[in-house]
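Order of the sequence lines fixes the chain letters, A, B, ..., with proteins taken first and strands second; residue numbering starts at 1 for each chain.
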Amino acid sequence: MDLSTAPAEDPRPDPTDLHLRVLAWYADHARDLPWRRSDATPWGVLVSEIMLQQTPVARVAPVWEEWLRTWPRPADLAAEPAGEAVRAWGRLGYPRRALRLHAAAQAIVEQHGGEVPSTYDELLALPGIGDYTAAAVASFAYGQRHVVLDTNVRRVLTRVLRGAELPSPAVTRAERDLATEHLPDDDRTAAAWAVGVMELGALVCTASRPSCGRCPLADTCAWRAAGHPSYDGPVRRAQTWAGTDRQCRGRLLDVLRATDGPVPAQALVGAWDDADQRERCVASLLDDGLLVRLEGDRVGLP
DNA sequence: CAGGCGTGGGG
DNA sequence: TCCCCAAGCCT
């Protein structure tokens, strides 16, 4: 290559080049996920995004299929008691998401005529929908241009553009600015870029053991060029599990999911030995609305 | 804003 | 076995 006529070297890769590489890679390697099919509705996309918050694709897929079969439109879910959503949620984890999705369906019916709203601000106002999910639905379901910053996108951009292994625990202003600078200008390309970078992070540029040999951005990746330096930022405290309220709440709710209707409060005793903790968790589940107390000293799903 | 909130699979 | 998660949100 003749460098004598090349322009001054820009250490940063050309955004358009990144876009083309990611779009081409996605066209060849994207997974055929049900919520990406051409017949998927905005409601289907929204449901998938809520379910995928902290839960792997493999476990979401079958529940999503059944959910959409049962409640193909927001109004179908909104007409049900919230407990039916909690029951159908099964073992996806974080069941408060089921409650919020049900509440979102009701808000969609009451405030948006039963149609999933298309603007970021309207989506953000729905229960259970934060910055990421609002941007994702607006982008994936409605083809709009938004900065979609999930853990996958953050990791890819951090590696390729900043040369670090992992992003900081919380999104910084500089990180968001960087993502914005690299967003394609037009809606269509920006939406394709968002889903493409996410997929690249999920399949190739993974948190552990990334497959740089299969990465379309390998030869422009700052992290790879730097020799894959290890993460040196603040360490997020490892989450304990055994004996926590989270485990206790899960056990308690599992009793209700396993039966059709309400159960005597006494039926929860076998689910957790520590009586104090059990009562505290029952109280918190009641407070969250995941559990309701009924007459005759019984408890049930809402 | 740090901490709470489920679950089951893989290294 | 034990540890680390996996497309965050809310307070």
Legend entry - Closest to side chain of A:Arg209, choosing from C:dA7, B:dC5, B:dG11: B:dG11
Inset, instruction - Verify whether one side chain among A:Gln247 and A:Thr244 offers a donor that lies under 3.5 Å from an acceptor in the other. - result: no
Legend entry - A:Asp177 with A:Arg173: basic N within carboxylate O range, under 4.0 Å: yes
Legend entry - Atom-to-atom span, CZ of A:Arg249 to P of B:dG3 - whole angstrom: 18 Å
Inset, instruction - Grab the CZ-C1' distance between A:Arg155 and C:dC5 for me, whole Å please. - result: 11 Å
Legend entry - Rounded distance (Å) that lies between atom C1' of C:dC5 and atom CG of A:Leu92: 16 Å
Inset, instruction - Confirm from the modelled atom types if A:Arg246 and B:dT7 form a donor-acceptor pair under 3.5 Å, side chain to base only. - result: no
Legend entry - B:dG6 phosphate, OP1 or OP2, under 4.0 Å from A:Arg91 side-chain N/O: no
Legend entry - Position toward the 5' end of DNA chain B (nearest nucleotide), A:Ala170 or A:Leu290: A:Ala170
Legend entry - Nearest-angstrom distance from the residue atom CZ of A:Arg59 to C1' of B:dG10: 12 Å
Legend entry - Inter-nucleotide C1' distance (C:dC10, B:dC1), Å rounded: 12 Å
Legend entry - Donor + acceptor pair across side chains of A:Arg249, A:Ser284 (<3.5 Å): yes
Inset, instruction - Scan side-chain atoms only and decide if A:Glu49 and A:Tyr132 contain a donor-acceptor pair under the 3.5 Å cut-off. - result: yes
Legend entry - A:Trp71 versus A:Glu80, side-chain donor and acceptor atoms under 3.5 Å: yes
Under 3.5 Å, N/O pairs linking protein and nucleotides 9-11 of chain C:
residue : atom : partner  : partner atom : Å
C:dC9   : OP1  : A:Gly130 : N            : 2.9
C:dC9   : OP1  : A:Thr133 : N            : 3.0
C:dC9   : OP1  : A:Thr133 : OG1          : 2.7
C:dC10  : OP1  : A:Gly128 : N            : 2.8

Inset, instruction - Indicate the atoms forming the closest heavy-atom contact of A:Leu268 with A:Arg278, along with that distance. - result: O-CD, 3.4 Å
Legend entry - Salt-bridge present (A:Asp32, A:Arg37; N to O < 4.0 Å): no
Inset, instruction - Check whether the side chains of A:Arg100 and A:Tyr94 place a donor and an acceptor atom closer than 3.5 Å, and report yes or no. - result: no
Inset, instruction - For A:Arg251 and B:dG8, give me the distance from atom CZ to atom P, rounded to whole Å. - result: 11 Å
Inset, instruction - Give me the residues of residues 256-274 of chain A where at least one heavy atom lies under 4.0 Å from an atom of DNA chain C, by number, or none. - result: none
Legend entry - Test item: side-chain donor near acceptor, A:Asp131 and A:Tyr120, under 3.5 Å: yes
Legend entry - Touch class at under 4.0 angstrom, heavy-atom based, for A:Leu33 against every strand present: base
Inset, instruction - Rounded off to whole Å, could you give me the CG-to-C1' distance for the A:Leu166 and C:dA6 pair? - result: 14 Å
Legend entry - Spacing of the P atoms in C:dA7 and B:dG11 (rounded, Å): 15 Å
Inset, instruction - Mind checking A:Ala58 for me? I need base, sugar-phosphate or nothing, with any heavy atom below 4.0 Å counting as a touch. - result: nothing
Legend entry - Atom pair distance, as rounded to whole Å: CG in A:Asn152 and P in C:dC5: 14 Å
Inset, instruction - Using a heavy-atom cut-off of under 4.0 Å over every strand shown, decide if A:Thr55 touches base, sugar-phosphate, or nothing. - result: base
Inset, instruction - Go through the steps to decide whether A:Leu126 and A:Leu123 satisfy the test side-chain contact (heavy atoms from CB on, under 4.5 Å), and finish with yes or no. - result: CA-CA 5 Å; A:Leu126 295 173; A:Leu123 289 162; 4.3 Å; yes
Inset, instruction - Could you tell me whether A:Val57 contacts a base, only the sugar-phosphate backbone, or nothing, with contacts defined as non-hydrogen atoms closer than 4.0 Å? - result: base
Inset, instruction - Tell me yes or no: between the side chains of A:Thr220 and A:Arg21, is some donor less than 3.5 Å from an acceptor? - result: no
Inset, instruction - Select base, sugar-phosphate, or nothing to describe what A:Trp35 touches, counting heavy atoms under 4.0 Å on all strands. - result: base
Inset, instruction - Give one of base, sugar-phosphate or nothing for A:Arg280, where a contact means two heavy atoms less than 4.0 Å apart. - result: nothing
Inset, instruction - Could you check how far CD of A:Gln247 sits from P of B:dC5, rounded to whole Å? - result: 12 Å
Inset, instruction - Sticking with atom P, work out how far C:dT11 lies from B:dG6, rounded to a whole angstrom. - result: 14 Å
